[in-house]
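Heads up, the thing below is written out as structure tokens.
Just so we're clear, the structure is a prediction, and the values are computed from it rather than from any experiment.
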Amino acid sequence: MRRGSVHQRHKSSCPKTPEGKWAPHKCRGPWSFYLLSGRRPDGKRRQITRSGFSTKREAETALEEALAREEAGVGDVHGVKVGTFLHQWLDGKRALRDTTRRGYEIHLRRYLVPNIGGMRLSDLRPHHLDVLYADLLNDQSNSMTATTIRHIHATLRSALNTAVKRRLIPWNPAEHVELPERSRPTTSVWTPEQLGAFLDSIADHRLYAYFHLVAFAGLRRGEALGLAWEDIDFDHGLIRVRQQLVDAGRGAYLGPPKTRSGIGRVPVDAFTLDVLQAHAQSQGEERARWGHAWENTRLVFTREDGTAFRPEYLTHLFKRLVAAASLPRIRLHDLRHTSASLALAAGVPIKVVSDRLGHSSTAITSDLYTHVIPVVAQEAADSLAALIPLRATRPTDLARQPSSEDLANRSDQEGPSQ
């Protein structure tokens, strides 16, 4: 039994035969389809009807997709809007970090819901996403980058994967989209001289130790702010990274590090340990001045009353200090990049630097510091060449020494000696 078919809806002005049937003619009326889909509770056949298609082929394609959903056991979500589903999807994500949830919320509020939220979930196709991403990239008002497009797309793809798992749609249209090519990550870093000039310029600042630690140990902003005194092993020169201070829009709080691989121990030099010891003494003096009003958060870097900073405060403070020192403008996070770049340039193995930064793989480190890796590789090659002793140390020396084959040929040409 045929379960569905397509037909064209004629207008009242279309010609009819004497018997009252539609006469053959060219009609601009819309096409529609119907599909028999199981039975209702009263036993009658359930019929799904959709209309408004411009061509017969569009109606046939829609019918085929509806049949595919039926065979896959996918429910009829004809009326469910993309925006409604996206909000329901995010509400159901209960195990997200606050910072990740905030990122998803921004993607939905700013880009996805305003542009495709009014579409029916069952109608969403790859070409709709192609148009969306092209429009975002071409919009000069939002300074959109290919990397941001990829982050937005990752959010949508994750949501639609959930829709597939729940059998709301038979396949994920976000899996068939060609994304703009992501440019290789670039970083702005200081030279050793510039870093030294910055630290010298803030030597008397009460938060000198914070910026020194980020520069010498390569900690993230929140990891340094979340550092507690019990996390510093002064005897063995180690710092334990186990938490970070974050602010997802609802105030600062302590949470786990950004990545699981970020949890670990970071070796620090003796000079940095001395700087931290001096900072501990200064904090102790502040605690004595505040008395009972001082709040013991046990954090290394706090306000004068012992309370925690909001992470954004350190970002703005760093910007002001850089401007006062008349140095090239970089971000606070670039101080971490500077630390890693100088370590690589000093010959520290990339695996050691990767572990120190808390990266999940050396590939991430390599991508971030492509401007340093070739220099390190060249220096390693030169060091290897210098290590191996050779009698002929230069190509010209090798060229002056004839091979055994050359000597044999020369002997044949000269003939037997007299």
Side-chain angles (χ1 to χ4, degrees), residues 97-100 102-103 106 143 145-148 150-151 182-192 194-199 201-202 205 207-227 239 241 243-249 252 254-259 261-264 266 268 272 300-301 308-325 327-345 348 350 353-373:
R97 294 176 182 266
D98 287 347
T99 50
T100 303
R102 187 182 185 188
I106 291 173
S143 301
T145 65
T147 298
T148 304
R150 287 176 171 268
H151 290 162
R182 176 169 45 193
S183 58
R184 296 187 70 84
T186 58
T187 58
S188 299
V189 297
W190 277 337
T191 64
Q194 290 168 336
L195 176 58
F198 171 73
L199 293 176
S201 71
I202 64 169
H205 197 281
L207 287 177
Y208 168 83
Y210 173 85
F211 297 107
H212 179 104
L213 182 63
V214 173
F216 276 66
L219 299 185
R220 294 181 176 90
R221 178 185 69 175
E223 291 172 348
L225 286 176
L227 186 67
I239 287 179
V241 178
Q243 62 186 14
Q244 65 171 336
L245 195 68
V246 295
D247 185 352
L254 291 171
K258 180 179 179 181
T259 61
S261 55
I263 303 176
V266 178
V268 291
T272 300
V300 175
F301 303 107
F309 284 107
R310 292 194 67 166
E312 198 63 24
Y313 171 79
L314 272 298
T315 297
H316 295 310
L317 174 61
F318 178 74
K319 184 177 180 179
R320 295 196 301 270
L321 294 175
V322 171
L327 288 166
R329 185 172 62 184
I330 65 172
R331 303 169 304 160
L332 175 56
H333 193 70
D334 293 330
L335 205 57
R336 167 179 160 90
H337 290 318
T338 297
S339 175
S341 296
L342 296 183
L344 289 169
V348 178
I350 188 171
V353 175
S354 181
D355 292 342
R356 186 180 181 88
L357 296 175
H359 289 164
S360 58
S361 71
T362 56
I364 297 175
T365 314
S366 180
D367 284 344
L368 283 172
Y369 304 107
T370 53
H371 60 294
V372 182
I373 301 300

query: Checking side chain to side chain contact (heavy atoms under 4.5 Å, CB included) for the pair Glu312/Arg221: CA distance, chi angles, key distance, verdict?
result: CA-CA 9 Å; Glu312 198 63 24; Arg221 178 185 69 175; 3.4 Å; yes

message: Using side-chain hydrogen bond (donor to acceptor under 3.5 Å, both in side chains), reason through Ser341 and Thr338 one step at a time and then give a plain yes or no.
response: CA-CA 5 Å; Ser341 296; Thr338 297; over 6 Å; no

query: Can you check whether Gly218's main-chain N or O pairs, donor with acceptor, with Arg336's side chain at less than 3.5 Å?
result: yes

query: Do Gln243 side-chain atoms and Gly255 backbone N/O form a donor-acceptor pair below 3.5 Å?
result: no

message: Using 30° and 60° as the class boundaries, would you call the ring planes of Trp190 and Phe198 parallel, tilted or perpendicular?
response: tilted

- line: On a heavy-atom basis, the closest approach of Ala217 and Val266 is O-CG1, 3.9 Å

message: Please check if the number of heavy atoms outside Arg329 that lie under 6.0 Å from its CZ is greater than 12.
response: no

statement: Distance col, row Leu254:CG vs Gln244:CD, nearest 0.5 angstrom, shows 9.5 Å

- prompt: Taking the six-membered ring for Trp, are His337 and His333 parallel (under 30°), tilted (30 to 60°) or perpendicular (over 60°)?
  reply: perpendicular

message: Do Leu332 and Tyr210 make a side-chain contact, defined as non-hydrogen atoms from C-beta onward lying under 4.5 Å apart?
response: yes

statement: Taken to the nearest 0.5 Å, the spacing of Ile330 CD1 from Gln194 CD works out to 8.0 Å

task: Examine Phe211 together with Phe318 and report whether their ring centres are nearer than 6.0 Å.
output: yes

